[in-house]
Amino acid sequence: MTKTALEQAQPFTIKAQLQACSSKEETFKTLVTLSKSLPRLSEEEKIEDNKIKGCESAVWLIIEESNGLRHFRADSDAKLMRGVLVAIVSLVEEKTRIDIQQMDLKAELQELNLSSYLTSSRTNGILAILSQLQQP
């Protein structure tokens, strides 16, 4: 089985890339670059059951489990949000359900240097994504 771009992504690398950004513009460019590594979901996968409620943009998240490890596929209709999804998913990809539930994902997200992009409406969507990631 070939690993997806997200499975190959090293969370510390993505985190380091985002933390190295010294301006909002640089962070934006990094997020857009990251968004290109996120494989698109098919139209058949973009169903209501996979859609995250509360997001400003349309966001879909599919959680799969194999050998006790969780794998995530995600998509959005917004390029910036796709980059944010890559960053978020890199934190939890190939971890167990219990490990993910025990993580402080809000704290992890704060370390990614994304605060200038997290408006109040976008923050609500991000919190909905984090909640979905940590569901049993």
Side-chain angles (χ1 to χ4, degrees):
M1 175 186 221
T2 309
K3 288 192 171 207
T4 66
L6 286 176
E7 290 171 330
Q8 294 171 357
Q10 298 295 321
F12 62 88
T13 303
I14 291 173
K15 187 176 190 177
Q17 282 180 311
L18 290 166
Q19 288 177 332
C21 295
S22 58
S23 68
K24 187 174 180 175
E25 293 77 23
E26 196 176 342
T27 302
F28 179 81
K29 287 179 184 176
T30 300
L31 288 171
V32 169
T33 300
L34 288 173
S35 75
K36 295 174 185 174
S37 70
L38 189 66
R40 301 306 301 235
L41 294 179
S42 70
E43 290 306 312
E44 293 79 29
E45 293 172 312
K46 293 180 180 178
I47 59 174
E48 200 61 32
D49 285 350
N50 295 334
K51 194 169 186 180
I52 302 291
K53 280 87 175 145
C55 288
E56 189 175 278
S57 307
V59 173
W60 298 271
L61 178 68
I62 298 172
I63 302 171
E64 299 166 332
E65 196 164 313
S66 174
N67 298 322
L69 300 178
R70 289 214 162 165
H71 306 280
F72 303 89
R73 293 185 302 125
D75 202 352
S76 176
D77 61 354
K79 191 178 286 191
L80 180 66
M81 191 61 198
R82 287 174 49 78
V84 171
L85 285 168
V86 170
I88 292 172
V89 170
S90 74
L91 298 171
V92 294
E93 179 64 31
E94 292 195 329
K95 293 192 182 325
T96 68
R97 176 184 52 83
I98 292 171
D99 287 343
I100 295 168
Q101 288 173 337
Q102 293 175 346
M103 292 176 74
D104 185 347
L105 289 177
K106 289 179 199 173
E108 294 274 350
L109 196 59
Q110 286 177 340
E111 293 180 20
L112 296 179
N113 199 23
L114 302 176
S115 59
S116 60
Y117 289 100
L118 301 182
T119 61
S120 59
S121 60
R122 207 173 268 140
T123 299
N124 290 336
I126 299 291
L127 292 176
I129 293 167
L130 298 182
S131 174
Q132 188 72 25
L133 291 173
Q134 291 186 308
Q135 285 201 348

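Keep in mind that what you see is a predicted model, and the values were worked out from it rather than measured. Heads up: numbering here begins at 1 and tracks the sequence.
Taking the side chain to side chain contact (heavy atoms under 4.5 Å, CB included) definition, one finds that Ser23 meets it with Glu25, Glu26, sequence neighbours left out. With sequence neighbours excluded, no residue satisfies side-chain hydrogen bond (donor to acceptor under 3.5 Å, both in side chains) with Glu43.
One finds the CD atom of Glu65 at 8.5 Å from the OG1 atom of Thr96 (value rounded to the nearest 0.5 Å). Here the CG atom belonging to Leu112 is positioned 7.0 Å from the CD atom belonging to Gln19, to the nearest 0.5 angstrom. Here CG of Leu85 is found 7.0 Å from CD1 of Ile126. Values are rounded to the nearest 0.5 Å. One finds the CD atom of Gln134 at 12.0 Å from the CZ atom of Arg97 (value rounded to the nearest 0.5 Å). Of the inter-residue distances, the one linking Ile63 atom CD1 with Arg73 atom CZ reads 11.5 Å to the nearest 0.5 angstrom. Taken from CZ in Arg82 to CG in Leu80, the straight-line distance is 11.5 Å, to the nearest 0.5 Å.
A side-chain N or O of Glu93 and one of His71 form a donor-acceptor pair less than 3.5 Å apart.
Residues Thr27 and Cys21 come closest through the heavy atom pair OG1-CB, 3.2 Å. The minimum heavy-atom distance linking Asp99 with Lys95 is given by the pair CB-CB, 4.3 Å. Here the closest heavy-atom approach between residue Asp77 and residue Ser57 is recorded as OD1-CB, 3.4 Å.
Looking at Ser131, its side chain never comes within 3.5 Å of a backbone N or O of Leu127 through a donor-acceptor pair. Arg40 places a side-chain N or O within 3.5 Å of a backbone atom of Ser76 that can act as its donor or acceptor partner. Although no hydrogens or angles enter the test, the distance criterion places no donor-acceptor pair under 3.5 Å between the side chain of Asn124 and the main chain of Gly54. Between the Gln132 side chain and the Lys53 main chain, no donor and acceptor come within less than 3.5 Å of each other. Here the side chain of Asp75 pairs no donor or acceptor atom with the backbone of Lys46 at under 3.5 angstrom.
The environment of Asp104 atom CG is dense: over 12 non-hydrogen atoms of other residues, nucleotides or ligands sit within 6.0 angstrom.
Counting heavy atoms from C-beta on, the side chains of Thr30 and Thr33 never come closer than 4.5 Å. Here the side chains of Ile88 and Leu105 are not in contact, with every heavy-atom distance at 4.5 Å or above. Using a 4.5 Å cut-off on side-chain heavy atoms (C-beta onward), Met81 and Ile129 make contact. Counting heavy atoms from C-beta on, the side chains of Leu31 and Leu18 come closer than 4.5 Å. In this structure, Gln17 and Leu34 have side chains that are in contact, with non-hydrogen atoms separated by less than 4.5 Å.
One hydrophobic cluster, built from ILVMFWY side chains closer than 4.5 Å, cannot hold both Leu41 and Val86; they sit in different ones. Two different hydrophobic clusters hold Val89 and Trp60 under the rule that ILVMFWY side chains link at heavy-atom gaps under 4.5 Å. Under the 4.5 Å side-chain heavy-atom criterion for grouping Ile, Leu, Val, Met, Phe, Trp and Tyr, Val84 is connected to Val32 within one hydrophobic cluster.
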- Task: In sequence, state the C-alpha distance, the side-chain angles, and the governing distance for Val92 and Arg70, and then conclude on side chain to side chain contact (heavy atoms under 4.5 Å, CB included).
- Result: CA-CA 8 Å; Val92 294; Arg70 289 214 162 165; over 6 Å; no

